[in-house]
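The structure under discussion appears below in the form of structure tokens.
Just so you know, residue 1 is the first one in the sequence shown, and it goes up from there.
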Amino acid sequence: MFDVAIIGAGVAGLTVGQQLRQAGYEVVVVEKSRGVGGRVATRRLHDTRADHGLRYLEEKGEFLQGLVKILCDRQILQLWTDTIYQFSPDSQITSNCYVAPEGMSAVAKFLAKGLEIWLNHRVESISLINQDCWQLNFAAINDELPESLLAKAVVVAIPAPQALMLLEPLVSQEVLGKLRAIDFAPCITVMAGYSSSFQVDRPEKAILFSQNDDLAWIGLDSSKRLNSEAPVFVIQSSAKFAQLYLDAQDLQPAARELLASAAKSFIPWLDTPEFFQVHRWRYAFPSRPLGEMFLDAQTSLPLVCCGDWCGGNLVESALQSGLSTSEKINSQLQNLPLPGTKFFNSL
């Protein structure tokens with residue numbers, strides 16, 4: 001039996017895990033995907049990679065400032081640009097943006113160091129066993145994986161709509177109402193690679209489209225990489241556009257539309273890639289977050305929800321939510337000394 005089981009290996013879940021592990025608890029993180037990070041995601045494609053989730057980190061908030069500094073000291077992050085241009089006349093945002101040359105998933109891998117993580121484990125249900133412990137029941141994948149695990153406390157660090165499906169049989173209508181009130185904006189991301197014969201003559205590494213029906217952001221992703229020879233762009237859609245394809249089985253038409261819009265609005269040859277891949281983020285950005293750092297399910301045994309949808313909608317929110325959740329779980333268990341943000345230094 002574990003002391004704490006954490007569902008979800010995004011930034012919030014990994015932060016909770018590190019806090020409690022370094023305090024001395026037996027912790028396991030279970031993740032439905034084959035890698036850690038959630039929306040801190042990097043896709044390998046052809047002989048390169050592209051960040052199709054989190055685009056960069058900024059030094060916004062005390063927790064994120066500390067993490068960025070340590071990641072830069074470890075040479076995991078480096079300064080990418082100090083200017084994000086907006087698609088309007090003479091408009092730009094000045095802010096230091098940091099990226100990982102190996103892909104932004106390197107940030108999640110850093111936060112995951114030393115944790116016991118079970119990948120490819122989709123939690124199907126949560127049960128209370130004899131009022132003594134929680135049982136996490138997994139969807140059957142193959143005979144080699146365990147069917148369940150037991151834990152004294154559970155942290156649900158996944159988007160609120162997914163948490164709602166797991167917790168509906170377990171918690172009060174008040175808690176369910178708070179989960180139902182959380183809204184997310186979707187996003188479709190296209191990663192497109194081009195011939196090395198195409199030259200990018202524009203100075204912008206990233207463009208923000210604040211008033212476009214189709215586009216939200218275009219980034220020259222290959223400018224993040226070391227010794228990149230051919231341009232790779234990442235195009236992110238607006239929520240309005242993604243909503244049209246929320247349940248589409250084939251996303252290729254959506255990708256073609258976004259490439260055409262990018263060519264029309266930015267660089268004409270963006271609609272003629274040598275290759276491209278497309279990804280749908282159903283829960284990309286919390287558009288109506290919870291006004292608290294975590295959501296206590298108020299059950300007989302510790303069960304707490306957290307994520308970037310708690311207290312905000314940014315990476316700083318995820319870090320702060322994870323830290324606050326670890327304090328809550330700790331107070332309900334043995335109340336051991338927690339490392340605070342010092343856990344960054346020990347990784």
Could you state the interatomic distance from CD (Gln65) to OG1 (Thr341), rounded to the nearest 0.5 Å?
11.5 Å
Side-chain donor-acceptor contact under 3.5 Å, Asn227 with Glu229:
no
Do Pro339 and Gln19 make a side-chain contact, defined as non-hydrogen atoms from C-beta onward lying under 4.5 Å apart?
yes
How close do Met104 and Leu54 get, heavy atom to heavy atom, and via which atoms?
CG-O, 3.5 Å
Could you state the interatomic distance from CG (Leu347) to CG (Leu71), rounded to the nearest 0.5 Å?
9.5 Å
If only atom types and distance count, is the side chain of Ser324 paired as donor or acceptor with the main-chain N or O of Met293 below 3.5 Å?
no
Would Leu79 end up clustered with Leu67 when hydrophobic side chains under 4.5 Å apart are linked, directly or stepwise?
yes
Do you know which two heavy atoms are closest between Ala284 and Cys187, and how far apart they sit?
CB-CB, 3.6 Å
Going by the side chain to side chain contact (heavy atoms under 4.5 Å, CB included) test, name the single residue among Ile267, Val190, Asp221 that passes it with Phe233.
Ile267
Grab the two heavy atoms, one from Ala108 and one from Leu14, that are nearest each other, plus how far apart they are.
O-CD1, 3.5 Å
Would you say the side-chain atoms of Gln334 pair up with the backbone N or O of Leu336, donor to acceptor, closer than 3.5 Å?
no
Taking the side chain as everything from C-beta on, heavy atoms only, tell me whether Phe343 gets closer than 4.5 Å to Leu338.
no
Measure the shortest side-chain to side-chain distance between Gln131 and Ser300 over non-hydrogen atoms and say whether it is less than 4.5 angstrom.
yes
Nearest-0.5 Å distance, OG of residue Ser127 to CG of residue Leu136:
8.5 Å
Please report the shortest heavy-atom distance between Ala50 and Leu45, naming the atom on each side.
N-CD2, 3.6 Å
Any side-chain heavy atom of Phe184 within less than 4.5 Å of one from Trp309?
yes
Same apolar cluster (I L V M F W Y, side chains within < 4.5 Å links), Leu314/Leu323
no
Between Phe87 and Phe209, does the ring centroid distance fall short of 6.0 Å?
yes
Would you call Arg55 and Asp51 a salt bridge, taking side-chain N to carboxylate O under 4.0 Å as the test?
no
I need the minimum non-hydrogen distance between Pro231 and Trp269, along with the two atoms involved.
CG-CH2, 4.2 Å
Test your reading of the model: is there a side-chain donor-acceptor pair from Ser222 to the backbone of Val232, 3.5 Å cut-off?
yes
Does Ile93 reach the side chain of Thr83, with side-chain heavy atoms less than 4.5 Å apart?
no
Between the side chains of Glu116 and Arg21, is the shortest nitrogen-to-carboxylate-oxygen separation below 4.0 Å, so that they form an ion pair?
no
To the closest 0.5 Å, what do you measure between CG (Leu77) and SG (Cys72)?
5.0 Å
Supply the atom-to-atom distance Gln135 CD to Leu150 CG, rounded to the nearest 0.5 angstrom.
5.5 Å
Taking Ser228 for its side chain and Ser223 for its backbone only, find out whether a donor-acceptor pair lies under 3.5 Å.
no
In one Ile/Leu/Val/Met/Phe/Trp/Tyr side-chain cluster, 4.5 Å: Ile329, Leu111:
yes
Check for a donor-acceptor pair, side chain of Gln162 on one end and backbone N or O of Tyr283 on the other, with a separation under 3.5 Å.
no
Within the 4.5 Å heavy-atom criterion, are Leu164 and Arg180 side-chain neighbours or not?
yes
Parallel, tilted or perpendicular: which fits the ring planes of Phe138 and His121, with parallel below 30° and perpendicular above 60°?
perpendicular
Side chain to side chain contact (heavy atoms under 4.5 Å, CB included) for Leu166 and Ile7? Distances and angles first, verdict last.
CA-CA 11 Å; Leu166 283 178; Ile7 304 172; 4.1 Å; yes
Are Asp247 and Arg282 close enough for a salt bridge, meaning some N to O gap below 4.0 Å?
yes
Are Phe344 and Ile76 connected, step by step, through hydrophobic side chains (Ile, Leu, Val, Met, Phe, Trp, Tyr) whose heavy atoms are closer than 4.5 Å?
yes
Hydrogens and angles aside, do Ser238 and Asn212 bring a side-chain donor and acceptor to less than 3.5 Å of each other?
no
Tell me whether Arg49 contacts the main-chain N or O of Arg225 through its side chain, where contact means a donor paired with an acceptor under 3.5 Å.
no
Side chain to side chain contact (heavy atoms under 4.5 Å, CB included) with Val155: which of Val27, Leu303, Val4, Val29?
Val4
Between Ser33 and Glu31: side-chain donor-acceptor atoms closer than 3.5 Å
yes
Evaluate the side chain to side chain contact (heavy atoms under 4.5 Å, CB included) criterion for residues Thr48 and Met191: first the C-alpha distance (whole Å), next the side-chain angles of each, then the deciding distance (0.1 Å), finally the verdict.
CA-CA 11 Å; Thr48 186; Met191 300 146 275; over 6 Å; no
Tell me if a side-chain donor or acceptor on Ser265 pairs with a main-chain N or O of Ala262 at a distance below 3.5 Å.
no
Other residues, nucleotides, ligands: >12 heavy atoms within 6.0 Å of Glu292 CD
yes
Indicate yes or no for a side-chain donor-acceptor contact from Ser237 to the backbone of Ile188 under 3.5 Å, with no hydrogens or angles considered.
yes
Output field: ring centroids Tyr98/Trp80 closer than 6.0 Å:
no
Whether the side chain of Thr299 engages the backbone of Leu301 through a donor-acceptor N/O pair (distance < 3.5 Å, no angle test) should be reported.
yes
Test item: Asp271 side-chain N/O and Ala260 main-chain N/O as donor-acceptor pair under 3.5 Å:
no
For Thr189 versus His52, what's the shortest heavy-atom pair and its separation?
OG1-O, 3.3 Å
Using the rule given for side chain to side chain contact (heavy atoms under 4.5 Å, CB included), can you reason through Gln252 versus Val278, listing the C-alpha separation, both sets of side-chain angles and the distance that settles it, and then say yes or no?
CA-CA 7 Å; Gln252 298 296 304; Val278 59; 3.8 Å; yes
Using a strict cut-off of less than 4.0 Å between a Lys/Arg side-chain nitrogen and an Asp/Glu carboxylate oxygen, indicate whether Asp308 and Arg39 qualify as a salt bridge.
yes
Leu119 side chain near Val36 side chain, heavy-atom distance below 4.5 Å:
yes
Is there a path of hydrophobic side-chain contacts, each under 4.5 Å between heavy atoms of I/L/V/M/F/W/Y residues, joining Leu57 to Leu208?
yes
Residues Val154, Val156; criterion side chain to side chain contact (heavy atoms under 4.5 Å, CB included); working and verdict
CA-CA 6 Å; Val154 172; Val156 182; 4.0 Å; yes
Do Glu168 and Leu176 touch side chain to side chain, with heavy atoms closer than 4.5 Å?
yes
